[in-house]
Amino acid sequence: MSVPQLVVHRDKELMAQAAAARLITKVVDAQAARGHASVVLTGGRNGNGLLAALAATPARDAVDWSRLDLWWGDERFLPEGDPERNVTQAREALLDSVALDPARVHAMPASDGPYGDDVDAAAAGYAAELAAAAGPGDHGPVPAFDVLMLGVGPDTHVASLFPELPAVRETERTVVGVHGAPKPPPTRVSLTLPAIRAAREVWLLAAGEDKAEAAAIALSGAGEIQAPAAGAYGRGRTLWLLDTAAASLLPRALYPTASP
């Protein structure tokens, strides 16, 4: 378990740009060291904002996109191409404009995909795909992701792990089907906390006043069942990337200001 580090930026735009630059550096370093890199993407306004910032910076060309594996932390269980699916939004924000290897883009199954409308089978299928990609040196049946990114919800949920629901209590499986999520759509596929914790680095993204209470709760020692974001941490590093609005309820002594 790594102790959370906090970086606070002036506003959400600067946070997205700085996070994009940080991600480029991490991916380039991993590719230089091992020939490839793996990243877990997150949806939502902060995740998509980061992808848009990546698309806009010329530094994106430093990445060899063909040697990057992309995974997702969760997905809305909707038909392929639905505009509410995280992968659809990611393609629009960035993925369609870079030279990815399609075989390395590991989207979660859609509700009209090979598993039909069986979300639990879809979750098991994604878990099998993760296990097949895991190497002998990885920690369990998932790859050792270089960076796993998570948006933090106003209720402290991460991925589709919501407070008190069964998915956040899962200790064995790496991927689960989520039923009855309090945020629409109610049916989803999500990585579990054990899968998240296999990552080398976990980055939690929070911007806006509506995330301030969630950040304060998760960073104040709350339990992961009540505050799932508190249970999301990386093996080597856990990084909270915030703007000043999301950090407004945190003790000032917790963080240095990263930028004016």
Side-chain angles (χ1 to χ4, degrees), residues 2-10 12-44 46-73 86-87 89-107 129-130 133-139 142-151 159 191 195-207 232-243 256 258-259:
S2 51
V3 176
Q5 297 174 286
L6 280 66
V7 180
V8 178
H9 294 283
R10 180 183 62 224
K12 65 181 181 181
E13 291 81 14
L14 190 57
M15 186 193 89
Q17 293 163 8
R22 189 183 293 271
L23 184 62
I24 288 169
T25 299
K26 186 61 60 177
V27 169
V28 169
D29 286 350
Q31 290 179 336
R34 297 189 308 278
H36 59 90
S38 62
V39 171
V40 179
L41 299 181
T42 185
N46 292 323
N48 290 329
L50 186 152
L51 294 181
L54 269 174
T57 176
R60 75 181 196 179
D61 293 338
V63 172
D64 183 343
W65 294 96
S66 69
R67 293 189 293 131
L68 176 64
D69 281 283
L70 292 179
W71 303 85
W72 271 263
N86 288 333
V87 65
Q89 296 174 8
R91 290 188 188 283
E92 182 178 340
L94 172 70
L95 307 190
D96 285 346
S97 64
V98 292
L100 292 160
D101 178 352
R104 289 179 176 264
V105 179
H106 307 276
E129 188 173 354
L130 284 165
D138 292 332
H139 291 245
V142 293
F145 311 114
D146 292 294
V147 177
L148 184 149
M149 295 183 288
L150 297 166
L191 298 189
I196 289 168
R197 293 168 183 165
R200 293 182 173 93
E201 297 196 10
V202 169
W203 298 2
L204 296 106
L205 313 175
Y233 49 81
R235 288 189 294 111
R237 191 183 198 194
T238 305
L239 190 62
W240 280 73
L241 301 172
L242 308 135
D243 71 352
S259 51

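From a predicted model like this one, the values you see are computed outputs, not experimental measurements.
- A donor and an acceptor atom, one from each side chain of Gln89 and Asn48, are located under 3.5 Å apart.
- Side-chain contact between Arg91 and Val105: present, with at least one pair of heavy atoms (C-beta onward) separated by less than 4.5 Å.
- With rounding to the nearest 0.5 angstrom, the CG atom of Leu100 is 6.5 Å from the CG atom of Leu68.
- You'll find the side chain of Ile196 reaches within 4.5 Å of the side chain of Val202, heavy atoms only.
- At a threshold of 4.5 Å between non-hydrogen side-chain atoms, the residues Asn86 and Leu41 do not count as touching.
- Put simply, CG on Leu239 and CE on Met149 are 11.5 Å apart, with the number rounded to the nearest 0.5 Å.
- Thr42 OG1 to Trp203 CH2: the interatomic distance, rounded to the nearest 0.5 Å, is 13.0 Å.
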Apply side-chain contact (heavy atoms from CB on, under 4.5 Å) to the pair Arg60 and Trp65, showing each step before the final yes or no.
-> CA-CA 9 Å; Arg60 75 181 196 179; Trp65 294 96; 4.0 Å; yes
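- Taking each heavy atom of Ser2 and Tyr233 in turn, the nearest pair found is O-CB, 4.2 Å.
- For the residue pair Asp101 and Ser66, the shortest heavy atom distance occurs at CB-O, 3.7 Å.
- For the pair Phe145 and Val39, the minimum side-chain heavy-atom distance is 4.5 Å or more.
- Using a 4.5 Å heavy-atom threshold, the side chains of Leu23 and Leu54 count as touching.
- The shortest distance between side-chain heavy atoms of Val7 and Trp240 does not fall below 4.5 Å.
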Can Leu241 and Leu204 be said to form a side-chain contact (heavy atoms from CB on, under 4.5 Å), step by step?
-> CA-CA 6 Å; Leu241 301 172; Leu204 296 106; over 6 Å; no
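- Ion pairing between Lys26 and Asp29 fails under the 4.0 Å rule for side-chain N and carboxylate O.
- Of the charged side-chain nitrogens involved, at least one lies within less than 4.0 Å of a carboxylate oxygen, so that Arg34 and Asp146 count as a salt-bridged pair.
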From CA spacing to verdict: side-chain contact (heavy atoms from CB on, under 4.5 Å), Leu148, Leu191 = CA-CA 11 Å; Leu148 184 149; Leu191 298 189; 4.0 Å; yes
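- Atom CG in Leu50 sits 11.0 Å away from atom CZ in Arg22 (nearest 0.5 Å).
- Taking each heavy atom of Ala159 and Gly73 in turn, the nearest pair found is CB-O, 3.6 Å.
- Ala16 and Ala53 get closest at one heavy-atom pair: O-CB, 3.6 Å.
- Closest approach of Glu129 to Trp71, counting heavy atoms only: O-CH2, 3.8 Å.
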Yes or no on side-chain hydrogen bond (donor to acceptor under 3.5 Å, both in side chains) for His36 and Gln31, after CA distance, side-chain angles and deciding distance?
-> CA-CA 4 Å; His36 59 90; Gln31 290 179 336; over 6 Å; no
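- The neighbour count for Glu92 CD, taken as heavy atoms of other residues, nucleotides or ligands under 6.0 Å away, does not exceed 12.
- Lys12 is linked by a salt bridge (Lys or Arg N to Asp or Glu O under 4.0 Å) to nothing, counting only residues two or more places apart in sequence or in another chain.
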Let me see the working for Arg200 and Arg237 under side-chain contact (heavy atoms from CB on, under 4.5 Å), right down to the final yes or no.
-> CA-CA 7 Å; Arg200 293 182 173 93; Arg237 191 183 198 194; over 6 Å; no
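- Closest approach of Val28 to Ala62, counting heavy atoms only: CG2-O, 3.5 Å.
- The CG atom of Leu242 sits 9.0 Å away from atom NE2 of His9, with the distance rounded to the nearest 0.5 Å.
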